[in-house]
Amino acid sequence: MTNPIDEYAATAEFYDHIGVYRERQDVNFYVARAQQALGPVLEIGCGTGRVLIPTARAGVQITGMDLSASMLSYCRARLARESAEVQSRVQLTQGDMRNFELNQKFHLITLPFRPFQHLLTVTEQLACLHCMQRHLAPEGRVIVDVFNPALPYLINEKYFEESEPEPEFTMPDGRKVERRFRLTARDHIRQVNDVELIYYITHADGRQERLVHAFAMRYFFRFEVEHLLARAGFRVEALYGNYDKSPFDSKNSGELIFVVRKSA
Ligand SMILES: C[S@@+](CC[C@H](N)C(=O)[O-])C[C@H]1O[C@@H](n2cnc3c(N)ncnc32)[C@H](O)[C@@H]1O
């Protein structure tokens, strides 16, 4: 493929060090589903392998696809530190979830930690879902997760100010990094927020640096996703509001986790 713009290039090196990512409670959920699939798994938007590598360690054959060359390079480096057996279970490929052909059918296709929210338009979302349909074995499942938008997040002006920093972390070369978050625009018609993740870096010699990872993020409501899935030939088998598999309930659920199958 021609080289796409790599939104993650400037900050991919930090991904595996970020506390809120390291502490996410989704890995066991995805590993268990992958083991239950009893066949090859495709992880779309696999990033640096946060979920992919534990899945391969658990004995599952898994293909990881990501648009970002930089995220994939960190995934490859991480994989290179695994045993030959674990490495042999993994295929990594650069690809775009809106248009891919892997010439293989999978028992499970996942998009852990919201890659689907990078798809801003219905045309892109359907293109991705149709690609997944073609790559899914007849009895296979797809798991799509997105965040459940809390109303204050959609309307409160405070989110335009930089948040308090997340806990500081230290890179292997000694740089200290603090990250903050802010919105720079809201579009309620397109359901898109422009987001900035802002990294404040202190180098060993005291020099300060500010790096910004800016991107647009689509938000979805529950029934909208159900309708999209139906248009692409899927039916919802389960809808969870969290990775402990509690059922979706709009009061307490931070996540919308759809487990879907091909419609009959
Ligand atoms: C928040 S990260 C999640 C990474 C990983 N799944 C995890 O759980 O840590 C989102 C990933 O989606 C990837 N992504 C964004 N748009 C994509 C596209 N059109 N096709 C494939 N991957 C894409 C990004 O490069 C990034 O690695």
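These numbers come from the heavy atoms of this one structure, side chains and all, not from hydrogens, waters or symmetry mates. In each ligand, atom 1 is the first atom listed, and ligand 1 is the first ligand listed. Since we're looking at a predicted model, the values are computed, not measured.
- Looking only at heavy atoms of the protein, atom 12 (O) of ligand 1 is closest to Pro115 CB, 3.6 Å.
- Per-residue contacts place Gly95 under 4.0 angstrom from the following atoms of ligand 1 (heavy atoms of the residue considered): 20 (N), 21 (C).
- The cationic group of Arg24 lies under 6.0 Å from the six-membered ring centre of Phe113 and within 45° of the ring axis, placing it in a cation-pi geometry.
- Regarding atom 6 (N) of ligand 1, its nearest protein heavy-atom neighbour is Gly45 O, 2.6 Å.
- At a 4.0 Å heavy-atom cut-off, ligand 1 touches Glu43 through the side chain alone.
- The ring of His213 has its center no closer than 6.0 angstrom to the ring center of Phe14.
- For the residue pair Ser70 / Asp6, a side-chain donor-acceptor distance below 3.5 Å is found, with atom types taken as modelled.
- Here the heavy atom of the protein found nearest to atom 22 (N) of ligand 1 is Leu67 N, 3.3 Å.
- Scanning Asp66, Leu111, Asp96 for the heavy atom closest to atom 27 (O) of ligand 1 points to Asp66.
- In terms of protein heavy atoms, atom 15 (C) of ligand 1 is closest to His118 CD2, 3.5 Å.
- The option from Arg50, Met217, Glu124 that lies nearest to atom 8 (O) of ligand 1, judged by heavy atoms, is Arg50.
- The aromatic rings of Phe221 and Tyr219 sit perpendicular, their planes meeting at an angle over 60°, well past the 30° parallel limit.
- For Met97, heavy-atom contacts with ligand 1 shorter than 4.0 Å involve the backbone as well as the side chain.
- Between Tyr30 and Tyr243, the ring planes are tilted. Angles from 30° to 60° get that label.
- Remark: of the listed residues Glu162, Glu164, Glu168, Glu166, Glu166 is the sole one forming a salt bridge (charged side-chain N to carboxylate O under 4.0 Å, His left out) with Arg179.
- At distances below 3.5 Å, not a single donor-acceptor pair connects side-chain atoms of Thr63 with backbone N or O atoms of Leu42.
- Contact atoms of ligand 1 toward Met71: 27 (O) (distance under 4.0 Å to a heavy atom of the residue).
- In this structure, Ala12 has no heavy atom closer than 4.0 Å to ligand 1.
- The ring of Tyr15 has its center no closer than 6.0 angstrom to the ring center of Tyr74.
- Distance from atom 1 (C) of ligand 1 to its nearest protein heavy atom, with residue and atom name: Phe113 O, 3.5 Å.
- Note: Phe169 and His17 have parallel aromatic rings, judged against thresholds of 30 and 60 degrees for the angle between ring planes.
- If you number the atoms of ligand 1 from 1 as listed, the ones under 4.0 Å from a heavy atom of Ser68 come out as 25 (O).
- For atom 9 (O) of ligand 1, the choice among Tyr15, Tyr8, Tyr21 with the nearest heavy atom turns out to be Tyr15.
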